[in-house]
Amino acid sequence: MGLLVDGRWVDKWYEADEKGRFVRPSTKFHDEVKEGTEFAPEAGRYHLYVSYACPWAHRTLIMRKLKGLEDAISLSVVDPFMGEQGWMFSDYPDAVRDTVSNVDYLHQVYTRARPHYTGRVTVPVLWDKQKHTIVNNESREILRMFDKNFNAVAAHPERDYCPDDLRDEVERTLDEIYNPINNGVYRTGFAETQAAYEEALTELFAALDHWEEVLGSRRYLCGDRITEADWAMFTT
C-alpha cells in the first residue's frame, strides 16, 4: 500500500487518527460528464479503470452493465493483487491491460492526468480519452453519472435507478449507509486499536440490523423499486 507524493510513488500505509481509527482520504477528481460541460457524454470517449477486488469499483461496473454502456465506455481491470507500486496491470486471469495510457501501474494514469499529484491511487477511475485526463475517481459520483448522464449513448436509457420522486430518499440512504457499512468494513479491518475496532464493529452491525429491519417491511431500501442505494449496499 502506498501513495503518490508530488508525483512520486511512496510506500506508506494509511494514517490513523489519535484513537487508532481508520481515516479515509477524500477523492480528488470530481468533474462531471454532462451535456453542456467540457466533458460531454459521448460514446467511445471515456474509459473506466476498476479492480474486481474493490467494492467501490463494483458499483460502477454494475451500473455500466445495467444501463448498457459496455460499448460506449471501455474498460481496464487491474491485477487483483497489489504490488510494491499499488494497483498494476498484468496478464493475470480476468485482468484487462490498459489500452489507453499503455502503462503498467495505475499510479501512472494519475500522474498522466496530474504530473505532481499527491494522494492515494484508487479505483474506480473515469478517464477522458479526448482530454487525456481523469474526470472523476469518486464511485458515488461515477455511479450517478452512469445512471443519469449517459442516456443518449446507453442501450437502456429507460432504466432509472434514482427517479425524481425518490431522489431525496436515495440520497439520504446513500449517506446513511456510507460510514457505518460501506466504509465501516474498512474502519473495522484497518483499525489500529482495539477500541477503534470495537467502535467500528458495533456501528457496522447496528446499521446492518437496522437495514435488515427496513427490508423486512419492503422489498428495497427506498421502497418498491431498486435504486442506486441498493447497489451501493450490495457492493459493500
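Just so we're clear, the structure is a prediction, and the values are computed from it rather than from any experiment. Note that these values count all heavy atoms, side chains included, but never hydrogens, waters or copies made by symmetry.
One finds a salt bridge joining Arg140 and Glu171 here, because a Lys/Arg side-chain nitrogen approaches an Asp/Glu carboxylate oxygen to under 4.0 Å. With respect to the salt-bridge test (charged N to carboxylate O, under 4.0 angstrom), the residues Arg225 and Asp160 do not qualify.
Tyr220 pairs by the ring pair (Phe, Tyr, Trp, His ring centres under 6.0 Å) definition with nothing, not counting sequence neighbours. Partners of Thr27 according to the side chain to side chain contact (heavy atoms under 4.5 Å, CB included) rule, which considers only residues two or more places apart in sequence or in another chain, are His30, Asn137, Glu138. Residues that satisfy the side chain to side chain contact (heavy atoms under 4.5 Å, CB included) test with Asp11, not counting sequence neighbours, are absent from this structure.
Atom OG1 of Thr188 sits about 12.5 Å away from atom CZ of Arg21, to the nearest 0.5 Å. Considering CG of Leu3 and NZ of Lys12, their distance stands at 6.5 Å, rounded to 0.5 Å. To the nearest 0.5 Å, atom CD of residue Glu84 and atom OH of residue Tyr105 are 8.0 Å apart. Here the straight-line distance linking atom OG1 of Thr60 with atom NZ of Lys65 works out to 14.5 Å at 0.5 Å rounding.
Here salt bridge (Lys or Arg N to Asp or Glu O under 4.0 Å) pairs that include residues 213-223, with residues two or more places apart or in two chains, are Glu169-Arg218. Applying the salt bridge (Lys or Arg N to Asp or Glu O under 4.0 Å) test to every pair with at least one member in residues 26-41, sequence neighbours left out, gives these pairs: Glu38-Lys131. The ring-ring contact (aromatic ring centres under 6.0 Å, His included) contacts involving residues 3-25 comprise Trp9-His107, Trp13-Phe190, Tyr14-Phe22, Tyr14-Phe190, Phe22-Phe190, where partners must be two or more places apart or lie in separate chains.
Remark: Arg24 is positioned above the aromatic ring of Tyr186, its terminal NZ or CZ atom under 6.0 angstrom from the ring centre and at most 45 degrees off the axis.
Within 6.0 Å of CZ on Arg8 lie no more than 12 heavy atoms contributed by other residues, nucleotides or ligands. By the 6.0 Å contact criterion, OH on Tyr178 is enclosed, its count of non-hydrogen atoms from other residues, nucleotides or ligands being greater than 12. Atom CG of Asp104 is surrounded by more than 12 heavy atoms from other residues, nucleotides or ligands within 6.0 Å.
Neither side chain, Gln130 nor His132, offers a donor N or O lying under 3.5 Å from an acceptor on the other. Side-chain contact annotation: Thr133 with Asp128, donor-acceptor N/O pair under 3.5 Å absent. Remark: the Asp94 side chain and the Tyr52 side chain contain no N/O donor-acceptor pair separated by less than 3.5 Å.
Here the side chain of Asn182 pairs no donor or acceptor atom with the backbone of Thr236 at under 3.5 angstrom. Side-chain atoms of Ser101 do not come within 3.5 Å of backbone N or O of Val103 as any donor-acceptor pair.
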task: Under the side-chain contact (heavy atoms from CB on, under 4.5 Å) rule, what do Tyr110 and Phe29 come out as? Steps first, then yes or no, please.
output: CA-CA 10 Å; Tyr110 274 70; Phe29 293 88; 3.9 Å; yes
